[in-house]
Amino acid sequence: MTGRSNGTRRRTVDSGGLALAVYEQGDPADPTVILVHGYPDDHSVWDDVAADLAADHHVVRYDTRGSGASGVPAAREDYRLELLGQDLYAVADAVSPDRPVHVVAHDWGSVQSWEAVTTPGAYRRIASYTTMSGPCLDHMGYWIRHRLRRPTPRHLAQLLRQGAHSWYIALFQLPVLAPAAWRLGLARLWPRVLRDLEAVRTRPGHPQATLAQDAVHGIELYRANMSPRVRAPRERYTEVPVQLVTLQRDRYVCDFLSEGLERWVPRLTRRTLNATHWSALLEQGPTVAAMVREFTARDHGALRQEPSATGELVVVTGGGSGIGRATALAFADRGARVVVCDRDLPAAQRTAELCELSGAKAAAYLVDVGDGAAVDAFAERVAAEHGVPDVVVNNAGIGHSGTFLETTEEEWRRVLDVNLWGVIHGCRAFGRLMVERGTGGHLVNLASAAAYLPAKRLAAYATSKSAVFMLSDCLRAELAPHRIGVSTICPGIVNTNITRTSTFSGLDDEALAAKQAKVSKLYARRGFPPEKVAAEIVRAVRTRKPVVPVTVEAKAARLLGRLSPALLRRAARIDAG
Amino acid sequence: MPDQPRFPYGEKDLAKFREAQQLAYHCAEQVAAWIEPGVTERQATAELRRCLVRAGVRDFFHVPFAWFGDRTAFRHFHTPLQFFAGSRVLAEGMPYVLDCAPVVDGYTADIGYGGKVGENPVWDLLAKDLRTYRELILREVRARRTLAEVYAAVDAQLAAHGYDNRHQVYPGRVIGHQVTRSTARGPAGVSLFGFGVRTLQTLGRELVKERLEGRSPLWAGGRASRHAPTPGLWAVEPHIGFRDVGIKFEELLVVTDEDAYWLDDDLPHVRRWALQEDAA
Ligand SMILES: NC(=O)c1ccc[n+]([C@@H]2O[C@H](COP(=O)([O-])OP(=O)(O)OC[C@H]3O[C@@H](n4cnc5c(N)ncnc54)[C@H](O)[C@@H]3O)[C@@H](O)[C@H]2O)c1
């Protein structure tokens, strides 16, 4: 369609004696993006994505060995991943000898690009990598091993599900049958397969005319690589920033296959797209192009020493102290870009300064989360200055102690304004941005063990937190189709500043100070550091865990509340808090 | 409440204490200039001791210490034995802390010196911020706050900075201790558990005496420190850390009957802050 005629320049690149057909578009002065297709496609599967990106990129595609107009290797061993990885470097060296390239790959193209991206020193030639539906086979080998070694029900279910999705890989090992199937009619049926199973409309020029032979040759990809790599995986790390785009309706690659990918890829950004394996490229080309554009732009000219230019964007409210500060730091450590806000600006700035010590990019803003208009303005500003965040942690909160009747209206309002309305405003402003962007995200809301542990002295505080708990449950259901996760964190007793700023109904200044000191001492003695809560928050985002009680007391209370609510009701009378 | 003891030192004594402290910092600076990647903690303390002995020191309040890398922040310290210099090798980019306490003519110095080899941005920030603590402690002591209150104020400042309190790892969680003229007659230069025998004699006597008076010669955050600092000399050692980097200074604070001041402002860290201020 568009790409083929519109100023596409054809050339041939030699890779170890094999001729690769290369197609170039756009201004070579712009950043170079190489698009690597999968099986059983050729470069034309990228037509829409390439046409869109060519506006501001030097777009390069090639037919991978054995497909399209490229040479066909003679032996199976010539389909080894090492050689496929070298093909990518050969093309990169030919089309952009002086500058590193951005790589975008799909399906088998992604499998072979992983090989290139995890080659030591890859960051010198590859500026960023956007991967769709094709894992690194070595990572997959470790993924399987890990699950076989720890066969929890969840792990076994994952193995079974991914196994069921990989049936064709087994079929491809069959000698005569698989090629015969393609030759005898599957190729002709392919447009219907795409239409019925993949929601891809038929259109002229697709699939490529060489489909049948491409598909037959490509079977060697599986035969040459699957079992050696998966059976004897190598440890493959990369410093290249990677954007993983999970296709939500992918029939071949399950999303949980990327669990724990951070182990190999410290600079990982996760995105989701509501698409099938092929509709992503053939029906939603402009959306994919937009994701690539955003990622390559983030990275522009970034040096290795500035790891966070491409990290995911994390917003933390109340980031000037305690759990919020620790959370900002934990994300910064993992290469995220961090935006903190607080009603105490110097405190937020201090957090940003500490984040920068980890080499992260960080910014601080003055925001009172209880003020809806201020939070809306903040969200707009973040979107304009940094982009739509991938993770938002609604953490700002205040402590208050007082029985129901003691607590004044003003105190009720103050607690609800910050603890409940703060979360509502944050979820609304940022949730809307995430939905509009359409590539998923994650909201984290700080509730408390008080959300499910009644205590007569915590009337207002516990009410606000239990509202946050329920709000999060409802919101999670609403945002699930948009692939936006919602986690509720219930910390327990954590040693932070909160005890020094908590208010108490009906106490004069002196008694208040004494009470604050007493509670602070108690929390200090418990000695649970906010860093541990931060680690749980990071984990909750990775694993999309819905509810996370953190300390033992928070876990025990949750359990007890389920076993014997009556007991908790009675315990609520105790004069504590 | 028993009477506060009066400030026991004259100008002559203070000059002697100042000399001892200068000598100690001078030796630390010499070792800092000598130190380089590949040196172990034990080699560093040996060099520090050699340097002090060369300067005429015969007795020590405690043996010299050196901590490298994450040991500057006392990470993973479980037993007091871990305070002693070990086989940790200094590498490029590492922070280090030297701590020594020579006794000169019965006048004790107890100093802490933080440094780094090569680049270390975390250390740079900590070193700059250490100044806040020197000023804060003096301000609070001048306001006659109790030792426990000053300790809490330091903790609050640490929380605001996002650092953590590493002096809490010292035995007794102390941020400081009283220093007196040692008049003990035990063998000079002999040490037990890292402390000079004469130190232990003096310290033991002080502990008993001060205890009886309801005061503590040790400065920490607990009940025993709920009194304003006793007039005299206090070795104060805020030790602050961020992750795997720690830094401290330790120097003598003079607490007179009405006032307080740092014994000497002509010290490496104070000079460094002045230079930075000029540069800014
Ligand atoms: N510390 C605990 O034991 C504990 C237990 C359960 C839940 N939590 C919750 O965790 C969250 C963080 O608490 P923490 O312990 O880190 O407290 P903290 O007091 O150390 O930090 C809270 C931060 O939020 C900021 N903040 C307060 N009100 C704000 C507002 N209106 N707008 C913007 N910023 C505001 C404060 O300035 C402060 O920097 C709170 O929601 C709290 O309720 C804490």
Side-chain angles (χ1 to χ4, degrees), chain A residues 305-308 316 318-330 332-334 338 340 342 344-360 362 364 494-501 513-514 516-521 523-525 527-532 534-535, chain B residues 70 72-78 93-95 116 118-133 145-169 173 175 220-226 240-247:
Chain A
Q305 287 83 342
E306 291 173 19
S308 50
V316 182
S321 168
I323 296 169
R325 174 177 280 174
T327 303
L329 281 167
D333 270 351
R334 284 158 186 78
V338 181
V340 291
D342 205 291
D344 178 349
L345 184 61
Q349 284 166 333
R350 177 71 189 183
T351 301
E353 189 178 15
L354 295 175
C355 287
E356 280 163 0
L357 285 179
S358 313
V494 183
N495 189 14
T496 70
N497 245 338
I498 200 165
T499 49
R500 281 186 272 259
T501 54
Q516 285 173 341
K518 195 173 150 204
V519 180
S520 298
K521 191 157 279 176
Y523 274 53
R525 202 164 311 140
F528 196 91
E531 287 76 19
K532 284 197 184 170
Chain B
D70 67 351
T72 55
F74 301 152
R75 298 297 172 202
H76 319 294
F77 273 36
H78 306 295
M94 265 191 191
K116 59 163 182 174
E119 291 293 304
N120 191 321
V122 174
W123 188 91
D124 294 343
L125 188 64
L126 281 161
K128 177 169 88 71
D129 290 336
L130 197 54
R131 177 181 195 163
T132 313
Y133 298 88
R145 301 253 189 280
T146 69
L147 293 173
E149 281 168 338
V150 186
Y151 196 96
V154 168
D155 271 354
Q157 179 60 60
L158 283 166
H161 271 151
Y163 295 151
D164 54 347
N165 164 343
R166 301 324 293 159
H167 39 268
Q168 66 180 353
V169 185
R173 306 168 64 90
I175 191 176
R223 201 175 291 272
S225 291
R226 283 197 202 147
I240 67 179
F242 182 66
R243 301 190 168 178
D244 285 345
V245 181
I247 191 172

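Letters A, B, ... are given to chains in the order of the sequence lines, protein chains preceding strands, and every chain is numbered from 1. Just so you know, these numbers come straight off a predicted model, no measurement behind them.
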### Task
Among B/G221, B/G162, B/P121, single out the residue with the greatest number of heavy-atom pairs under 4.5 Å to chain A.
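Max contact count across the listed options: B/G162.
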### Task
Please flag which part of A/E353 lies under 4.5 Å from any non-hydrogen atom of chain B: side chain, backbone, both or neither.
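The side chain, not the backbone.
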### Query
At a heavy-atom separation under 4.5 Å, does A/D333 approach chain B through its side chain, its backbone, both, or neither?
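Only the side chain of A/D333 comes within 4.5 Å of chain B.
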### Message
Could you report the tightest heavy-atom contact between B/I175 and B/Y151, atom names first, then the distance?
### Response
CG2-CD1, 3.7 Å
### Query
Are the ring centres of B/Y133 and B/H167 closer than 6.0 Å?
no
### Query
Is it true that B/R75 and B/D164 have a side-chain N and a carboxylate O under 4.0 angstrom from each other?
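So B/R75 pairs with B/D164 through a salt bridge.
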### Task
Name the region of B/A160, side chain, backbone, both or neither, that has any atom closer than 4.5 Å to a heavy atom of chain A.
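B/A160 touches chain A through backbone heavy atoms alone.
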### Region of B/N120 in contact with chain A, defined by heavy-atom distances below 4.5 Å
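Neither part.
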### Query
Can A/S520 and A/R500 be said to form a side-chain hydrogen bond (donor to acceptor under 3.5 Å, both in side chains), step by step?
CA-CA 6 Å; A/S520 298; A/R500 281 186 272 259; 5.0 Å; no
### Message
Less than 4.5 Å apart, side chain to side chain, heavy atoms only: is that true for B/D70 and B/H76?
### Response
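A side-chain contact exists here, since the closest heavy-atom pair is under 4.5 Å.
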